[in-house]
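In this text the structure is predicted, and so the values were computed from the model without any measurement.
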Amino acid sequence: MRKSGVIAGLAALTACTAAAPPEAQQAGPAFDPIAFFTGTSHGDGKLDQIMKGTRSVTVDSVGTPEADGSITLAQHIVTQGDKPRDRVWKLKQVAPGRYSGSLTDANGPVETIAVGRAIRIRYPMKGGLKVEQWLVALPGGRALDNRLTVTKWGMKVASLHERITKVD
């Protein structure tokens, strides 16, 4: 009886996790987020939030490689109707296909794992919010799709779909 309760609990947690996008498994080189984000990139997207509707978002990023093999990614984010804001990512490869990092928006560690031509990023935020993000490399290696979902108590409260392109 106790074992079936644990299994049911794990099944419920798994149901809250988005599966890898099908494009992630298509042929092509594995996605390397440190290589992609070194230099400048620009993102245009649509943010859909409960109670706020759909708004446009632009993100300008500058990725600087560090001596230890990590990257520092400084981002300037403009969301329609909000004051512009800045944030900083730190990301380092810790094993093949696995990265550890931090984000100024996160309320804890950033978990990143490579899945084919994509990476999955997860992190908690203040207020009990949880973020799951899929970055899927597009053919040619100069652009990717960002699909982000924010949940609270297992319910989706926001989503973002963004196209990110290398500027240099």
Side-chain angles (χ1 to χ4, degrees), residues 16-49 54-80 82 84-126 129-151 156 158-168:
C16 294
T17 302
E23 306 94 312
Q25 299 304 327
Q26 292 175 353
F31 179 58
D32 178 350
I34 293 175
F36 183 88
F37 285 108
T38 294
T40 57
S41 58
H42 175 80
D44 287 304
K46 294 291 182 188
L47 174 66
D48 187 22
Q49 290 177 287
T54 301
R55 301 179 293 150
S56 62
V57 176
T58 61
V59 181
D60 289 300
S61 303
V62 177
T64 304
E66 304 295 342
D68 66 356
S70 67
I71 187 171
T72 298
L73 184 66
Q75 296 184 310
H76 182 72
I77 303 165
V78 178
T79 303
Q80 180 183 9
D82 288 351
R85 64 190 181 90
D86 296 311
R87 71 178 184 184
V88 176
W89 290 84
K90 298 270 189 179
L91 193 64
K92 181 175 180 158
Q93 187 170 18
V94 294
R98 297 190 72 79
Y99 301 83
S100 69
S102 63
L103 170 63
T104 52
D105 288 354
N107 192 28
V110 175
E111 170 197 305
T112 306
I113 186 168
V115 180
R117 289 187 17 234
I119 61 168
R120 182 191 69 207
I121 303 169
R122 291 183 183 166
Y123 56 90
M125 293 179 68
K126 291 180 182 175
L129 298 172
K130 294 184 180 184
V131 175
E132 180 170 76
Q133 185 172 3
W134 284 93
L135 301 178
V136 180
L138 299 175
R142 302 283 306 160
L144 57 88
D145 275 336
N146 176 14
R147 298 175 190 150
L148 178 142
T149 303
V150 181
T151 58
K156 183 167 80 168
S159 62
L160 171 75
H161 187 218
E162 174 190 24
R163 174 69 48 94
I164 302 171
T165 55
K166 290 284 291 175
V167 175
D168 69 353

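Summarising the geometry of Gly63 relative to Ile71, their closest heavy-atom pair is CA-CD1, 3.9 Å, with the distance given to 0.1 Å. Heavy-atom minimum distance, Ala118 versus Trp134: CB-CE3, 4.0 Å. Scanning all heavy atoms of the two residues, the minimum distance from Pro84 to Val78 falls at CB-CG2, 4.1 Å. Shown here for Pro124 and Pro109, the closest heavy-atom pair between the two residues is CD-O, 3.6 Å. For Tyr99 against Pro33, the heavy-atom pair with the smallest separation is OH-CD, 3.4 Å. Closest non-hydrogen pair, Leu144 versus Ala137, comes out as CB-CA, 3.9 Å.
Asn146 contributes atom CG, which lies 11.0 Å from atom CZ of Arg163 (distance to the nearest 0.5 angstrom). The distance from the CD1 atom of Ile119 to the CD atom of Gln133 is 7.5 Å, given to the nearest 0.5 Å. Interatomic distance, OG of Ser70 versus CD of Gln93, reported as 11.5 Å (0.5 Å rounding). Expressed to the nearest 0.5 Å, how far CG of Asp60 lies from CD1 of Ile164 amounts to 11.0 Å. To the nearest 0.5 Å, the span separating OG1 on Thr58 from CD on Glu162 amounts to 9.0 Å. Rounding to the nearest 0.5 Å gives a distance of 14.0 Å between NZ of Lys130 and OG1 of Thr149.
Classification of Asp48 and Lys46 as a salt-bridged pair fails, no side-chain N sitting under 4.0 Å from a carboxylate O. Note on Glu111 versus Arg120: salt bridge recorded, some NZ/NE/NH1/NH2 to OD/OE distance being below 4.0 Å.
When each of Lys156, Arg122, Arg147 is tested with Glu132 by the rule salt bridge (Lys or Arg N to Asp or Glu O under 4.0 Å), just one qualifies, namely Arg122. Between Phe37 and the options Asp32, Leu135, Leu91, Val62, a side chain to side chain contact (heavy atoms under 4.5 Å, CB included) holds for only Leu135.
With 3.5 Å as the limit, one finds no donor-acceptor pair spanning the side chains of Lys166 and Ser41.
A donor-acceptor pair is defined here as one N or O able to donate and one able to accept, closer than 3.5 Å; no such pair exists between the side chain of Gln75 and the backbone of Arg87. Of the possible donor and acceptor atoms, one in the side chain of Arg55 sits under 3.5 Å from a partner among the backbone N and O of Gln80.
Taking the side chain as every heavy atom from C-beta outward, Ile121 and Trp89 approach each other to under 4.5 Å.
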Report task. Walk me through it: do Thr104 and Arg85 pass the test side chain to side chain contact (heavy atoms under 4.5 Å, CB included)? Result -> CA-CA 11 Å; Thr104 52; Arg85 64 190 181 90; over 6 Å; no
